[in-house]
Amino acid sequence: MTEIRLPEMGLVVLVGVSGSGKSYFARRHFKETQVVSSDRCRGMVSDDENDQSATGDAFALLHHIVRTRLRRGLLTVVDATNVQSGPRQQLLQIAKDCDVLSVAIVLDVPEGVAAARNAGRPDRDLPEHVIPRQRRELRRGMRSLQGREFKRAYVLNGVEEIDAATIVYEKAWPDKRELTGPFDIVGDVHGCRAELEELLGKLGYTITRDNEGRATTASHPEGRTAVFVGDLVDRGPDTPGVLRLVMGMVEAGTALCVSGNHEQKLVRALNGRKVKVAHGLAESLEQLAREPDDFRERARLFMDGLISHYVLDGGKLVVAHAGLKEEYQGRASGRVRSFALYGDTTGETDEYGLPVRYPWARDYRGKAMVVYGHTPVPDAEWLNNTICLDTGAVFGGKMTALRYPEKQLVHTPAHEVWYEPARPLKAESRDHDLLKIEDVMGAHGVETALMGRVAVREENALAALEVMSRFAVDPRWLAYLPPTMAPADASSLPGYLEHPAEAFAAYRDLGLERVICEEKHMGSRAIAVVARDQSVAETRFRMDDGTSGALYTRTGRSFFKDAARTEAVLARLRDAIGEAGLWDELNTTWLVLDCELLPWSAKAMDLIRTQYASTAAAARAALPAASTALAQAHARGLDVADLRERTEHRAANAARFRDAFARYCWDVEDIGDLRVAPFQLLAAEGETLAATRGHDWHMAVATRLAAADGSGLVRTTATRVVDLADPASEAAATSWWEKLTAGGGEGMVVKPLGPLPEDRKVQPGLKVRGREYLRIIYGPDYTDHLDRLRGRSLGRKRSLAMREHALGLTALDRLTAGEPLWRVHQAVFAVLALESEPVDPRL
């Protein structure tokens, strides 16, 4: 029995003459989707699998399918004769381009068997010379096939051996997805044994020593695993000591290690190859020369066996010495190994004689976190979900480790400058934070936890691009945009378009037990990003313009043109946060708050003048005059009673319309005339509060902020918690809403209080607006058209609300996790883009 070992991801080429049983073998051992058949491709392009005139197009299609599957990391089996070297070379080139392994399986059957099988197929009529010619071609190419073409080739001789063959799959060497950590990833060591021992101690490892006091291994009491990014050797004072410790840890299973370029060069030197003794290699060779022969051999075998990179934690983490682009992760080829060892070099050298490296991390958009070293930097900093841990310990800097998944950096300073650097250490530039157009214009959308992948139409993205590029606040502050909110179902009660009963019923039908009703202030939605002080703005948000936060609208525009007014509002919010004790309670130095800023006229005065006040003024001027004229006509005996009644009714509605919006307007001379009503703390350092805390907690904190504010800026928000199983509780909340709206209030928002059902989507909130407020939305006479308005369609609005809510939480999650700014903006931008969808703006 022949055991055929195949890579889980790679190319399998079946080789054999017509009638050798390749298709049967493929059906028996592989999924139908894994097999790409030349006959089937011929049939797809010609409707006839035996049409030899279509062979060129058929193989063009076959190569396209093979390339696409391999690019996507799928095992791909090619079912064709492949007896000639030329067609095999084309397939091998595709595998090379996709950086995957390739394996050949040769099915060698007697010529008579193949001829008999073809004779038994009524759909195939091969000339007699075809099978002998194919066998000759197979024999001629067998030697190159097994040696020069494929690193691994299996030859199955005869029908019995073919039928008895079994398939065993092998994971790629870098594939350690089953290892989930936690990990401690250690940057370049370069022979600095004392600093490494000190760093491991800080990380909590217990070091084991031999009789001579030398560190031979280390382990963590909590089962953590160390991962070394390579370059253990050269330049430093004790390369043998570093190797002894790391080899012991790897052998004990408490560490993993990838290869660095310095290990590869040292191995070549130990193997007797001619290498240039530079960049610290001389020190390693001299130190190893003082060690016993068996240690040198053990070290040589260890370094020679190190692989290029590891893919860990289900694909979430990649460790490679010089980093790795997304398309190379988990793959195996000389190109992948070269990139992992040396990075992407331009072929040029700088003024110090060192290779110029292409800054691949600036363009990285992969999902996996990539941790690497190789190029020393003063400090480890995140760059597009990648981080370089080589902080130049051997050059007098420090040795750095990253705790994963905690994302905590731990370092220890170098004891001295062990080796003078060829060039000064310099930090990576920060233009990686910029959002690229392809990040939001592609068809891939934005992945969210609540709604999966949320797509953005190109035309919507273009509209958002116009708004954000011209009007938005500094993108470093733009952490979140609030979602739209859907109204409850239309009410059937006389005189009402919206009523609390429908909101309560909607959540009760979903199985919720409680909801919270929050007063809906008639102002303008405002997002406040508040740093505790200027130093936080500089270090956390990298602001260098003197600002300490931002206050912006739901489209990302600064709320005030006057920066001084913005800072004054932020200062009062900051004081209230401090007085309420939230900085320490939440262990944060910044907060993002969702608020309503009042009055409405502070932001919407132009809209009020041109759209609402002008309408009211026209009605107040025209309708009384019309009533007067109708009264005179009536006095002359004309029958205008119905028209006169309608006109007076419309005049009354117009007066109500003016009163409705006038309640929300007052003069704003200075900051003392403003009010801010916070109703949700969105995020703090390390926590997306909008997702982890219930709405009752948020409202309690908002009340504390109002109480702590001595300036009068922060306004409270009235609330009611409703037990959906208690009619009396619902009735009390309804009565509260009626009084609130009768007194000029806009209405309320009903929000769920957990636990939420796992099998159904739940609206994050339903707004229930008052009768008089709705005149602003639908016009003065809307109550005369309730039957028509009750038929309004809410499906698109509700879908939009859910998607924007999911995107908003995604932006906050990325912000609190310390992800690069472009990742935060990707979700923020998508919210703004969705606002361009065709949805009735009155809803």
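As the structure is a computational prediction, the values presented were derived from the model and not from experiment.
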After noting the C-alpha distance and the side-chain angles of Asn385 and Val370, does the key distance pass the side-chain contact (heavy atoms from CB on, under 4.5 Å) rule? CA-CA 7 Å; Asn385 208 22; Val370 180; over 6 Å; no

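- Closest approach of Pro237 and Cys192 over heavy atoms only: CD-CA, 4.3 Å.
- Using cut-offs of 30° and 60° on the angle between ring planes, the pair Phe339 and Trp360 is perpendicular.
- Side-chain atoms of Phe150 and Val103, non-hydrogen and from C-beta on, never get closer than 4.5 Å to each other.
- Every residue two or more places apart in sequence or in another chain that forms a side chain to side chain contact (heavy atoms under 4.5 Å, CB included) with Glu212 is listed here: Asp210, Arg214.
- Sorted by first and then second residue, the side-chain hydrogen bond (donor to acceptor under 3.5 Å, both in side chains) pairs with a member in residues 403-413 read Glu198-Thr412, Arg224-Glu406, Asp313-Tyr404; sequence neighbours excluded.
- When all heavy atoms are compared, the tightest approach of Tyr364 to Lys325 is CE1-C, 4.4 Å.
- Residues that satisfy the side chain to side chain contact (heavy atoms under 4.5 Å, CB included) test with Ala322, not counting sequence neighbours, are His374.
- Residue pairs that meet the side-chain hydrogen bond (donor to acceptor under 3.5 Å, both in side chains) test with at least one member in residues 809-819, sequence neighbours left out, are Thr688-Asp813, Thr688-Thr816, Arg814-Gln826, Glu819-Arg823.
- Residues Thr254 and Ala218 approach most closely at OG1-O, 2.7 Å, considering heavy atoms.
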Just distance, no hydrogens or angles: give the donor-acceptor pairs under 3.5 Å from side chains in residues 393-400, sequence neighbours left out.
| from | atom 1 | to | atom 2 | distance (Å) |
| --- | --- | --- | --- | --- |
| Lys398 | NZ | Asp379 | OD1 | 2.5 |
| Thr400 | OG1 | Thr391 | OG1 | 2.7 |

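- When every heavy atom of Arg177 is checked against every heavy atom of Asp175, the shortest pair comes out as CG-OD1, 2.8 Å.
- A side chain to side chain donor-acceptor pair (under 3.5 Å) with Asp99 is found for one member of Arg335, Gln329, Arg331 and no other, namely Arg335.
- A donor and an acceptor atom, one from each side chain of Thr589 and Glu685, are nowhere located under 3.5 Å apart.
- The main-chain N or O of Gly236 is found under 3.5 Å from a side-chain atom of Gln287 such that the two form a donor-acceptor pair.
- Salt bridge present: Asp544 and Arg476 bring a charged side-chain N and a carboxylate O closer than 4.0 Å.
- You'll find the side chain of Trp590 reaches within 4.5 Å of the side chain of Leu815, heavy atoms only.
- Within 6.0 Å of the NE2 atom in His415, the count of heavy atoms belonging to other residues, nucleotides or ligands exceeds 12.
- In terms of heavy-atom proximity, Leu270 sits nearest to Met303 at CD1-CE, 3.9 Å.
- Scored by the side chain to side chain contact (heavy atoms under 4.5 Å, CB included) test, Ser85 finds Arg88, Gln89, Glu149 as partners (sequence neighbours excluded).
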